[in-house]
S.K.: 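Okay, handing you the structure first.
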Amino acid sequence: MSAGTEGTGDLETQISQWRAYMDRPRAIRVCDLDELEDHLRDQINELRNAGLNPDEAFLVAVKRMRNFDPLSRELAREHSDRFWKNLVLAPETDDQPGGAVKHEFFAMIGFAIAAALALKVPAIFGLEFSSDNSGFYQRNLSLFVLPLLAGYLAWKRRLEMTCLRLLAPPFVAAAVFANAFPFVVGGATEVLTALHLPILLWLVVGIAYTGGDWRSDLTRMDYVRFTGEWFIYYVLIALGGGVLTVFTVGIFDAIGLDLVRFTEAWLLPCGALSTVIVAAWLVEAKQSVVENMAPVLTRVFTPLFAVMLLALLVAVVWTRAGIDVDRDVLILFDLLLVLVLGLLLYAISARDPEAPPDLFDRLQLLMVVGALATDAFALISISSRLNEFGFSANRAAALGLNLILLANLTWAAWLYVSFLRRLRPFTALERWQTAYLPVYAIWAATVVVVFPPVFDFA
């Protein structure tokens, strides 16, 4: 093999990996990516002509590009498992422009204020934020903020108009179905709509996050990672805000000023919605901080959830007691299973797919098996109640969700076993989980659109 062609295949593989990595959703268009790749290839050719071998030329070219493309530095923070990504992470210099960062910060503030004020728009039409209108606000809560979150992400990624046109119809349709149906106040279908609509719309937000490239397994897994990191930041901000609110109310009460009504009507609800945007901005701006927490959190909570699920199963078998399937218990068990699934997804997204199986993977499998068994017990209890009392909106929703979770967890467990036995790569598990996400969107849409008329809006 000649010196000119030696290593060409490996070089093309490295460039393909670099391009796939740069194609992650970070406000970069295809034309910009093509330009970056052309620049990278020019650098590589220049270095090869100077006598460097392909690997050396590639690494030096990537290192040089940190001065040409600050975006590559931001992207490389996300994963530092390959040497060429580490090269991009050289310390930032003081001469880098900060205008873009400030511009994005003020945009975030604008969207956050809009989300806070959106909650007060219905009051203009006589729908005050009170217990009398709690059903309306529960059904529409996600509609007050998630369209604005999608708008913020679309602005950040500079989405084309064709992609923006895809985002509007789901939100409009969701608003229609959440408000046009004559729900029985406090009825099961109203509660189910309030629970499932945010799930559906959060997946719609994923279209904006991925820049419209929702069909890619890589970008869908990015959105899973974003969701987990967003949740961490939201909880941290909520905890800090809760402590601050308690101290503020207490201090003002000491001087004779009662802020309880203001806190309940404005501070807490508006703060909760604006935090959705702030948390998303923090994920985008401070990813390296969350990445240090993510592996720790998954490794702490995975064994805890595994032990809790196993203890639950032992208690069910030991006491021979079935699982009660009234509405509150069904919601609790489904939330538990969804939380376990979320932890599984987040752990998968934070894991290096090239790393060999380890003890943590076995703990993950144990948690999945525990969730699978819990789901099976819940399905048995639901089936027995269906035979005894027939279908209701709650039982039908629980049955459908548990069947969907059963299919997901069963195949996930099989793929985990195959990975531990080194029969399949870890990427097979990643692909399965990301490919299954639309199933949840379809089911959530079914509950929102079909269930109310089928069960007489009760």
Side-chain angles (χ1 to χ4, degrees), residues 106-155 167-202 204-205 208 230 234 237-253 256-281 444 448-449 452 457-458:
F106 287 117
M108 176 274 294
I109 293 295
F111 278 99
I113 292 174
L117 295 179
L119 185 65
K120 294 300 178 180
V121 171
I124 300 174
F125 302 95
L127 290 169
E128 297 290 341
F129 185 74
S130 64
S131 57
D132 294 335
N133 299 312
S134 60
F136 168 82
Y137 280 94
Q138 288 171 5
R139 297 194 309 271
N140 289 276
L141 188 62
S142 57
L143 287 165
F144 293 135
V145 63
L146 292 187
L148 289 163
L149 176 59
Y152 167 70
L153 294 172
W155 171 85
L167 291 175
F171 288 112
V172 173
V176 170
F177 285 108
N179 296 284
F181 284 151
F183 291 103
V184 174
V185 177
T189 56
E190 184 179 48
V191 174
L192 289 171
T193 296
L195 290 173
H196 287 79
L197 195 60
I199 298 172
L200 174 62
L201 295 184
W202 187 264
V204 174
V205 171
W230 173 89
Y234 190 92
I237 297 172
L239 290 174
V243 172
L244 178 62
T245 300
V246 170
F247 274 101
T248 302
V249 172
I251 290 172
F252 276 84
D253 184 64
L257 294 177
D258 187 2
L259 296 184
V260 174
R261 291 186 63 185
F262 169 77
T263 300
E264 293 177 347
W266 284 88
L267 187 60
L268 291 180
C270 294
L273 294 191
S274 61
T275 300
V276 172
I277 309 295
V278 175
W281 172 75
V448 170
V449 176
F457 309 103

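All residue numbers in this chain count up from 1 along the given sequence.
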S.K.: Can you check whether A280's main-chain N or O pairs, donor with acceptor, with Y234's side chain at less than 3.5 Å?
M.R.: no
S.K.: Could you report the tightest heavy-atom contact between P147 and S142, atom names first, then the distance?
M.R.: CD-O, 3.5 Å
S.K.: Would you mind writing out the side-chain donor-acceptor pairs for residues 257-269 within the sub-3.5 Å range, not counting sequence neighbours?
M.R.:
from : atom 1 : to   : atom 2 : distance (Å)
D258 : OD1    : V260 : N      : 3.0
T263 : OG1    : L259 : O      : 2.7

S.K.: Minimum heavy-atom separation for A115 and L273, please, with both atom names.
M.R.: O-CD1, 3.6 Å
S.K.: Return all side-chain donor-acceptor pairs below 3.5 angstrom for residues 175-196, not counting sequence neighbours, or 'none' if the list is empty.
M.R.:
from : atom 1 : to   : atom 2 : distance (Å)
N179 : OD1    : N140 : ND2    : 2.8
N179 : ND2    : N140 : OD1    : 2.7
N179 : ND2    : A175 : O      : 2.7
T189 : OG1    : F457 : O      : 3.2
T189 : OG1    : A458 : O      : 3.0
E190 : OE1    : G186 : N      : 2.8
E190 : OE2    : R139 : NH1    : 2.4
T193 : OG1    : T189 : O      : 2.9
H196 : ND1    : L192 : O      : 2.9

S.K.: In terms of ring plane angle, is the pair Y137 and F129 parallel, tilted or perpendicular, where the classes change at 30° and 60°?
M.R.: perpendicular
S.K.: Has the side chain of W281 got a donor or acceptor atom that lies under 3.5 Å from a matching backbone atom of I109?
M.R.: no
S.K.: Which heavy atom of P170 sits nearest a heavy atom of L201, and at what distance?
M.R.: O-CD2, 4.3 Å
S.K.: Using 0.5 Å steps for rounding, measure from the CG atom of L146 to the CG atom of L153.
M.R.: 10.5 Å
S.K.: What are the two closest heavy atoms between A116 and S274, and how far apart are they?
M.R.: CB-CB, 4.3 Å
S.K.: Do you know which two heavy atoms are closest between F111 and L148, and how far apart they sit?
M.R.: CD2-O, 3.4 Å
S.K.: How many angstroms lie between CZ in F144 and CG in L149, if you round to the nearest 0.5 Å?
M.R.: 16.0 Å
S.K.: For F252, I'd like to know if atom CZ has over 12 heavy atoms of other residues, nucleotides or ligands within 6.0 Å.
M.R.: no
S.K.: Please report the closest heavy-atom contact between L119 and C270, naming both atoms and the distance.
M.R.: CD2-N, 4.1 Å
S.K.: Nearest 0.5 angstrom please: I277 CD1 to M108 CE, how far?
M.R.: 9.5 Å
